Structures are given as structure tokens and as C-alpha cells.
Amino acid sequence: MGATPDSLQRLVTAASISGDIFRIHAPGRGSDTWIINNPADIKRVLVTNHHNYTKGIGLDRVKILLGNGIMTSEGSLWRSQRRMIQPLFHRKLVEQFVSLIEQAVDERTVHWQALAQAGTIINITEEMSELTLDIVVRSIFGRDLEWLTARTGVLPFQMVTDESARDLQFAYKFRSLTRLVGELVAKRRAAQEEHFDLLGMMMAARDKETGKPMPDRELLDETMTLIVAGHETTASSLNFVWYLLATHPQAAARLHAEIDALPSVSNLSFQDTENLRYTQAVIQEAMRLYPPGWVLTRRTIEADILSGFTIPAGTDVMLSPYLIQRHTDHWESPEEFRPERFLDPKRDPRAEWVYIPFAAGPRHCVGENLAMYEMTVHVARVARDWCLEYVDEGPVELEAAINLRSRRGIKMRLVARAKD
Ligand code: HEM
């Protein structure tokens with residue numbers, strides 16, 4: 001929705017010609033969009049002067065998909081939603097999802113054994129898409145997933161992985177599922193049972209300032225938002241993690257060594273996953289090269305000054321994690337996959353505003369803890385037993401839609417790792 005197939009390439013070319021701040025005129029809209037690609041302006045827009053920015057361009061279309069949930073709302077409504085939703089992603093709560101994540105990973109890999117023996121090639125892009133959908137819907141609906149599946153006959157929200165277009169038709173079809181979620185909420189209210197899942201926590205949440213629960217409409221919008229926001233981003237990151245590991249055997253060997261040194265890959269706590277320093281560096285480096293949210297859009301409320309230029313009120317401003325995370329002024333050999341750069345104790349690229357895969361400031365990704373935890377648990381569990389070999393179809397081609405993803409499914413050969 002919004003982006004065209006060559007949007008990313010056009011952005012990269014424009015930045016290489018025009019530098020770290022420039023504007024492009026959109027004749028269709030009759031307005032300018034400023035592109036910023038330097039740490040000082042990124043920090044100002046996302047953090048120090050964030051009060052002066054709304055989300056801007058493209059939001060109307062995203063609203064058709066997500067309604068007026070935390071991703072698309074502004075002002076006091078957004079603040080109230082953020083107050084209620086942020087606690088759900090505290091590290092102590094996120095690690096309670098460990099068995100759910102393990103189960104989803106194990107159910108997916110159990111059939112890999114037979115596939116490996118038969119030499120079957122798998123499509124890791126599809127595998128990651130299905131896995132991350134599975135994890136996000138289990139986290140949201142818990143044991144009611146069975147009820148939802150019985151109602152629809154398939155895994156609800158399967159369309160998110162089955163259909164790759166993210167156009168208006170997709171948005172309307174996806175929104176039609178809200179009714180089903182509404183029925184589930186009503187069922188839960190009537191039964192008054194306890195549920196440990198994200199929907200249960202949202203139903204129980206009270207705004208600290210007003211003491212009020214989420215209105216029903218909002219509850220449904222937040223549920224739909226978490227499905228979309230939590231699925232494709234994580235799927236895309238894992239897709240690129242496996243691609244990069246398969247094409248960099250030394251990095252894969254180091255990652256395997258770190259994981260093999262663990263006494264067990266079951267029941268990892270949040271802290272355990274953070275201690276897997278190299279594994280997390282691989283994930284961070286994959287998101288540096290291929291940030292799923294490749295472009296962030298904002299709009300000025302009042303005029304602002306960025307890099308000495310006056311940006312009028314009501315102007316769209318775009319910044320791109322993809323561009324800044326590959327900027328030659330801030331990264332050595334930026335096109336190379338080097339997870340070690342995230343192990344340097346003297347450097348924190350986030351504090352320099354040159355590493356923003358989860359954005360930054362008050363509107364940074366609320367699901368970051370869950371995403372990092374889920375991805376690390378997944379990688380540890382899979383890499384303990386498996387090597388994934390790239391079935392070479394040349395370098396990966398990118399598709400920059402709402403999220404950055406691989407244009408085609410990435411093919412992999414499964415090799416079971418020998419056990420001592
Ligand atoms: C690798 C995985 C992920 C990446 C790279 C990612 C990236 C991002 C980025 C860049 C934003 C800011 C968008 C903007 O400001 O325009 C964002 C916001 C958000 N993300 Fe994530 N995300 C990931 C996973 C998740 C997960 C697992 C969830 C929840 C289940 C989630 C929920 C959200 C929500 C609700 C927002 C809106 C927050 C707000 O506006 O206050 N994300 N994410």
C-alpha cells in the first residue's frame with residue numbers, strides 16, 4: 001500500500017545524489033516530502049522534538065487495515081493506548097510465553113526430519129511467515145485459538161501468510177475478521193474465565209490515569225494491530241537471518257558454537273537470550289542490513305528546522321532505517337554482514353541514532369522485547385539441530401512494500417547436525 005516496486009531503489013539513488021537532507025516534490029499531492037538521513041535530524045524528529053510530529057503520509061490507508069489502534073492513533077488517545085499496552089511487553093511477561101514459542105517452533109520442525117532425509121528443499125520465507133503468525137496468534141488468543149479455528153475451519157488469519165499483496169482488497173478482507181474477535185471477547189466476558197494471553201491482558205488493562213478499561217472498538221483495533229505489527233516484521237527478520245547465516249558459514253559456525261555451549265535450549269529466560277551475545281548480534285546485523293520497517297513517515301505540526309532548513313507546518317518528513325543503517329559515514333563496510341560490529345563494547349549505534357530498526361523515542365516498537373525474545377529462542381532451538389544451506393539462486397532480491405521482504409521465497413536445504 002503506497003510504495004511502488006522500485007521505491008527503495010529510487011530512495012537509495014536520490015540519497016546518493018542529494019545527500020543527508022533533501023526534498024522531493026510529489027506533483028500528485030502538490031506537496032513536498034523531506035528526506036532526512038543524518039543522526040541529528042533523526043534524533044530531533046523521533047525523540048527531542050517528537051511532540052511536533054504526527055505519523056503523516058500513508059496513514060489513512062494503514063487505518064483501513066488497522067483501525068484506530070496504537071499504531072495509527074495520535075495525541076491523548078495514543079498516550080492512553082500506549083500506557084495500557086506497553087506493560088504487556090515487559091521482559092518478565094514476555095518470557096512467560098516461552099513454552100508457547102517452543103511448541104510452535106517444535107511443531108514446525110518436527111516434519112523437517114522427513115524432509116531432510118528425502119532431500120526436499122524448503123521455502124524458508126514461507127516457513128518463517130507461518131511460524132511467526134502461529135506465535136503471534138497463540139500469544140494473543142491462547143487456548144481460544146482452537147475455538148477460533150473451529151469457527152473458521154482454518155487457522156484464523158491464515159490469509160496474512162497466504163496472500164502476499166497488501167492492497168485495499170487485503171485490508172477489507174482482514175478487517176472482516178474483526179467480527180470474529182468481537183464474538184470471542186463477548187464469549188470471554190460471559191464465561192468470566194482467566195486467560196493468560198495478550199487479549200486477556202488487554203481486557204484486564206486499566207488506564208493508570210483514568211482507571212478505565214479499553215473501549216470495545218479499541219480492543220478489537222489493538223488486536224488486529226498486534227497481529228499485523230507482530231507478524232510480518234518478525235517473519236522478514238528471521239528470513240534474512242537464515243539467508244545471511246547460510247551464505248556466511250563462518251558466522252554460522254560461531255553461532256552454532258555459542259548455542260552448543262548451552263546446557264539446554266529449553267526454557268530460556270529473557271536474560272539467557274540476552275547472554276547469547278553472538279546470536280543476538282547476528283539478528284541485529286540482519287535487521288541492520290534488512291530493516292523490515294525500511295521507512296518511517298512523520299508530519300510536522302508546527303514548522304521545524306532540520307539541518308538549517310525550515311520545514312513548514314504540515315510537511316511530510318521521511319527517514320529510512322535502511323539508508324542510515326548502511327550509511328558509509330557511520331558504518332565501516334556497511335554492505336558487509338559482520339555481526340561482530342554489535343559486540344564492540346566501545347560502540348552503541350543506537351545511542352548514535354544510526355541504528356533504528358525498532359525506531360526510537362516514545363513511538364518506538366512496543367513489541368521489541370517480544371520480537372527479540374521470540375527470534376532468539378527460535379534461532380537457538382533451530383540452530384541446535386539444523387544447518388540451513390542456501391540453494392543458490394543468486395543474491396536475494398528485495399521488495400519494499402509496507403515492510404521490506406525478499407521478493408521471492410528463499411529456498412534452503414535442511415541438514416541435520418550430527419550429535420556427539
Ligand atoms: C523484528 C520485529 C519487529 C520490528 C523490526 C518492528 C519495527 C517497528 C517499528 C520500526 C515501529 C515504529 C513505526 C513508526 O514509528 O512508524 C514499530 C511500532 C510498533 N510495533 Fe513493532 N516491530 C517488530 C515486532 C513487533 C511485535 C512482535 C509487535 C507486537 C506483537 C509489534 C508491535 C508494534 C506496535 C503496536 C507498534 C506501534 C507503537 C506505537 O506507535 O506506539 N512489533 N515496530
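In each ligand, atom 1 is the first atom listed, and ligand 1 is the first ligand listed. Just so you know, these numbers come straight off a predicted model, no measurement behind them.
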Pull out every atom of ligand 1 sitting under 4.0 Å from any heavy atom of [X], numbered as shown with elements.
{"X": "Ser237", "result": "1 (C)"}
{"X": "Ile70", "result": "35 (C), 39 (C), 40 (O), 41 (O)"}
{"X": "Leu296", "result": "10 (C), 13 (C), 14 (C), 16 (O)"}
{"X": "Met375", "result": "1 (C)"}
{"X": "Trp78", "result": "39 (C), 40 (O), 41 (O)"}
{"X": "Ala371", "result": "2 (C), 24 (C)"}
{"X": "Arg363", "result": "12 (C), 15 (O), 39 (C), 40 (O)"}

Before accepting this row, confirm whether a basic side-chain N of the pair [X]/[Y] lies closer than 4.0 Å to the acidic partner's carboxylate O.
{"X": "Glu193", "Y": "Arg143", "answer": "yes"}
{"X": "Arg138", "Y": "Glu374", "answer": "no"}
{"X": "Asp144", "Y": "Arg188", "answer": "yes"}
{"X": "Arg79", "Y": "Glu209", "answer": "no"}
{"X": "Arg298", "Y": "Asp304", "answer": "no"}
{"X": "Arg381", "Y": "Glu102", "answer": "yes"}
{"X": "Glu352", "Y": "Arg347", "answer": "yes"}

For [X] and [Y], take the angle between the two ring planes, folded into 0 to 90°, and tell me which bin it lands in: parallel under 30, tilted 30 to 60, perpendicular over 60.
{"X": "His248", "Y": "Phe337", "value": "tilted"}
{"X": "Phe309", "Y": "Trp34", "value": "tilted"}
{"X": "Phe170", "Y": "Phe174", "value": "parallel"}

Which option out of [options] puts a heavy atom nearest to [atom]?
{"atom": "atom 3 (C) of ligand 1", "options": "Thr233, Ile135, Val136", "result": "Thr233"}
{"atom": "atom 4 (C) of ligand 1", "options": "Tyr290, Tyr53, Phe358", "result": "Phe358"}
{"atom": "atom 7 (C) of ligand 1", "options": "Pro357, Gly293, Ala235", "result": "Pro357"}
{"atom": "atom 26 (C) of ligand 1", "options": "Ser139, Gly69, Gly230", "result": "Gly230"}
{"atom": "atom 38 (C) of ligand 1", "options": "Met71, Arg82, Glu74", "result": "Arg82"}

Is there a polar contact between ligand 1 and His364, counting only N or O atoms under 3.5 Å apart? no
Please determine if Thr225 has a nitrogen or oxygen closer than 3.5 Å to a nitrogen or oxygen of ligand 1. no
Shortest protein heavy-atom distance from [atom], along with the residue and atom involved:
{"atom": "atom 14 (C) of ligand 1", "answer": "Lys55 NZ, 3.4 Å"}
{"atom": "atom 15 (O) of ligand 1", "answer": "Arg298 NH2, 2.7 Å"}
{"atom": "atom 42 (N) of ligand 1", "answer": "Cys365 SG, 3.0 Å"}
{"atom": "atom 34 (C) of ligand 1", "answer": "Val366 CG1, 3.7 Å"}
{"atom": "atom 33 (C) of ligand 1", "answer": "Ala229 CB, 3.7 Å"}

Indicate yes or no for a side-chain donor-acceptor contact from His231 to the backbone of Ser129 under 3.5 Å, with no hydrogens or angles considered. yes
Evaluate Phe342 against Tyr355 for ring pair (Phe, Tyr, Trp, His ring centres under 6.0 Å), listing each step before the verdict. CA-CA 11 Å; Phe342 285 95; Tyr355 185 67; 4.8 Å; yes
Region of Glu374 engaging ligand 1 - heavy atom pairs below 4.0 Å: neither
